[in-house]
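All values below come from the heavy atoms of this structure, side chains included, with hydrogens, waters and symmetry mates left out. Quick caveat, the model's predicted, so the values are computed rather than measured. FYI, the numbering just counts along the sequence from 1.
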Amino acid sequence: MNGPVAEIRSAVRRFLDAVQPPAVTVAVSGGADSLALAACVGRLVPGASAVVVDHQLQPGSADVALRAAQQCADFGLVSRVEPVVVGAAGGPEAAARTARYAALRPAAGVVLLGHTLDDQAETVLLGLGRGSGPRSIAGMRVFDAPWGRPLLGVTRAVTRAACAEQGISVWEDPHNSDPAFTRVRLRSEVLPLLESVLQGGVAASLARTAAQLREDCDALDSLAAAFAGDCCAVDDISELPVALRRRVLRAWLQGEGVPELSDSHLRRVDALVSEWRGQGGVWLPGGFVVRRAHGRLAVEPQS
């Protein structure tokens, strides 16, 4: 019977066989998920690297990062620590994520992240709770270049068991038990309650739902791409199904440089097509406004 180490090795091999990256880097925090991944990659990929990001948000973070980097070196990885300065935009979790991903972005190849099936389930629940549409409920991709997540089908229990099996000492991030963070409460309160009420298998079911929605979203995005040339011509898109039309509009607005589109923004822009009554422009993030005139939409700077 395959043990936890074998399960992780199989997942990583499947990912590497499918993607065939020219170079591999593992993002390591010192926790069980990333260390289990790093130990596996160290055995499977000669010359692979590891990067430990020090967010400098907790006392002793430099020591934690150095210890994780040394563990990765012991696994056979070329390891280094990247200290970052975390800003304040979007709240502490978002700001830390922004700084981390900027430090991890590679010149070439892929960066492997230790996200597990449990992380995927939490992401789906966050998307459901925020009502932010199918894209967020579709969760994380296994591969979204340059980011790779080979462990999305592996549970957190398996990564912990793999570390224990190999005698790997893991760091327990105190933020992971701090109820001030929404994701922590999902992990420690909401998901266990759902597992109890629904008699198990909830995390796996949420992950399957994410995969199914991702396939649907990808199909609709592919269809929407056919209208990318001139979607600001209202007659060209007005008869499209709503789900497809809004994807066309989203792609067009992003191409025009509009950042951080919410569902509310997109619905108001869509109303310029589907519910036209001569209304004024729609104000959007980044200092933009969308107006309709002479049967066309146009993005303009806010005056």
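Between R185 atom CZ and L125 atom CG the span is 14.0 Å, to the nearest 0.5 Å. Interatomic distance, L249 CG to I237 CD1, rounded to the nearest 0.5 Å: 4.5 Å. Taking CG from D54 and OG from S61, the interatomic distance works out to 3.5 Å, rounded to the nearest 0.5 Å. Atom OG of residue S29 and atom CG of residue L35 lie 6.5 Å apart, to the nearest 0.5 angstrom. Taken to the nearest 0.5 Å, the CD atom of E7 stands 10.0 Å off from the OG1 atom of T159. Rounding to the nearest 0.5 Å places NE2 of H175 at 15.0 Å from CZ of R183.
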Which is it for V53 and H55 under the side-chain contact (heavy atoms from CB on, under 4.5 Å) test, yes or no, and what are the steps along the way? CA-CA 6 Å; V53 175; H55 297 87; 4.0 Å; yes
For a side-chain contact (heavy atoms from CB on, under 4.5 Å) check, start with the C-alpha distance between T98 and R100, then their side-chain angles and the critical distance, and finish with the verdict. CA-CA 5 Å; T98 297; R100 178 168 63 253; over 6 Å; no
Could you walk me through whether M140 and R214 pass side-chain contact (heavy atoms from CB on, under 4.5 Å), step by step? CA-CA 9 Å; M140 298 174 282; R214 174 63 63 190; over 6 Å; no
For R160 and E172, what are the C-alpha separation, side-chain angles and deciding distance, and is it a salt bridge (charged side-chain N to carboxylate O under 4.0 Å, His left out)? CA-CA 11 Å; R160 287 187 172 278; E172 300 292 346; 3.0 Å; yes
Start with the C-alpha distance between Q120 and H115, add both sets of side-chain angles, then the distance that settles side-chain contact (heavy atoms from CB on, under 4.5 Å), and finish with yes or no. CA-CA 7 Å; Q120 185 75 301; H115 294 133; over 6 Å; no
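Salt bridge annotation for E275-R292: absent, with no cationic side-chain nitrogen under 4.0 angstrom from a carboxylate oxygen. Under a 4.0 Å N-O distance rule, the pair D144/R149 does not qualify as a salt bridge. Between D263 and R135 there is no salt bridge, since no side-chain N of the basic residue sits under 4.0 Å from a carboxylate O of the acidic one. The pair D270-R245 meets the salt-bridge criterion, with a side-chain N (NZ, NE, NH1 or NH2) lying under 4.0 Å from an Asp/Glu carboxylate O.
No more than 12 heavy atoms of other residues, nucleotides or ligands lie within 6.0 Å of CD in Q199, so this atom counts as exposed by the packing criterion. For E239, the CD atom counts as loosely surrounded, since its 6.0 Å shell holds 12 or fewer non-hydrogen atoms of other residues, nucleotides or ligands.
V234 has its side chain out of reach of R296: every pair of non-hydrogen atoms, C-beta onward, lies at least 4.5 Å apart. Residues T25 and L112 form no side-chain contact, since every pair of their non-hydrogen atoms from C-beta on lies 4.5 Å or further apart. By the 4.5 Å heavy-atom criterion applied to side chains, L206 and L191 are counted as neighbours. Taking the side chain as every heavy atom from C-beta outward, R105 and W147 approach each other to under 4.5 Å. Looking at R291 and V289, their side chains come closer than 4.5 Å, going by heavy atoms from C-beta outward. Counting heavy atoms from C-beta outward, P21 and L16 have side chains that approach closer than 4.5 Å. At a threshold of 4.5 Å between non-hydrogen side-chain atoms, the residues C40 and L44 count as touching. Inter-residue side-chain proximity for L272 and Q279 is flagged as met; some heavy-atom pair is nearer than 4.5 Å.
Classified by interplanar angle (parallel below 30°, tilted 30° to 60°, perpendicular above 60°), the ring pair F15/F143 is perpendicular.
Using a 3.5 Å distance cut-off with no hydrogens or angles, the side chains of R14 and S10 do not pair a donor with an acceptor. Checked by atom type, the side-chain pair T116/D33 shows no donor-acceptor distance below 3.5 Å. Looking only at atom types and distance, the side chain of R208 has a donor-acceptor partner in the side chain of S205 under 3.5 Å away. With no hydrogens or angles considered, no side-chain donor-acceptor pair links T155 and D118 at under 3.5 Å. Side-chain contact, S238 with D235: no donor N or O sits under 3.5 Å from an acceptor N or O.
In this structure, F288 has its ring center no closer than 6.0 Å to that of W283.
Residues forming a ring-ring contact (aromatic ring centres under 6.0 Å, His included) with W171 (at least two apart in sequence, or on another chain): none.
Using modelled atom types, one side-chain atom of S188 and one backbone atom of V184 make a donor-acceptor pair closer than 3.5 Å. Checked by atom type and distance alone, the side chain of E189 never pairs as donor or acceptor with a backbone atom of L186 at under 3.5 Å. The closest donor-acceptor contact from the side chain of E256 to the backbone of V299 lies at 3.5 Å or more, if one exists at all.
Tracing side-chain contacts under 4.5 Å through hydrophobic residues (I, L, V, M, F, W, Y), one reaches L223 starting from L266; they form part of the same cluster.
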Result block: side-chain N/O donor-acceptor pairs under 3.5 angstrom for residues 63-80, not counting sequence neighbours:
from : atom 1 : to   : atom 2 : distance (Å)
R67  : NH2    : S169 : OG     : 2.4
Q70  : NE2    : D74  : OD1    : 3.0
Q71  : NE2    : S169 : O      : 2.7
S79  : OG     : A69  : O      : 2.8
R80  : NE     : E82  : OE2    : 2.9

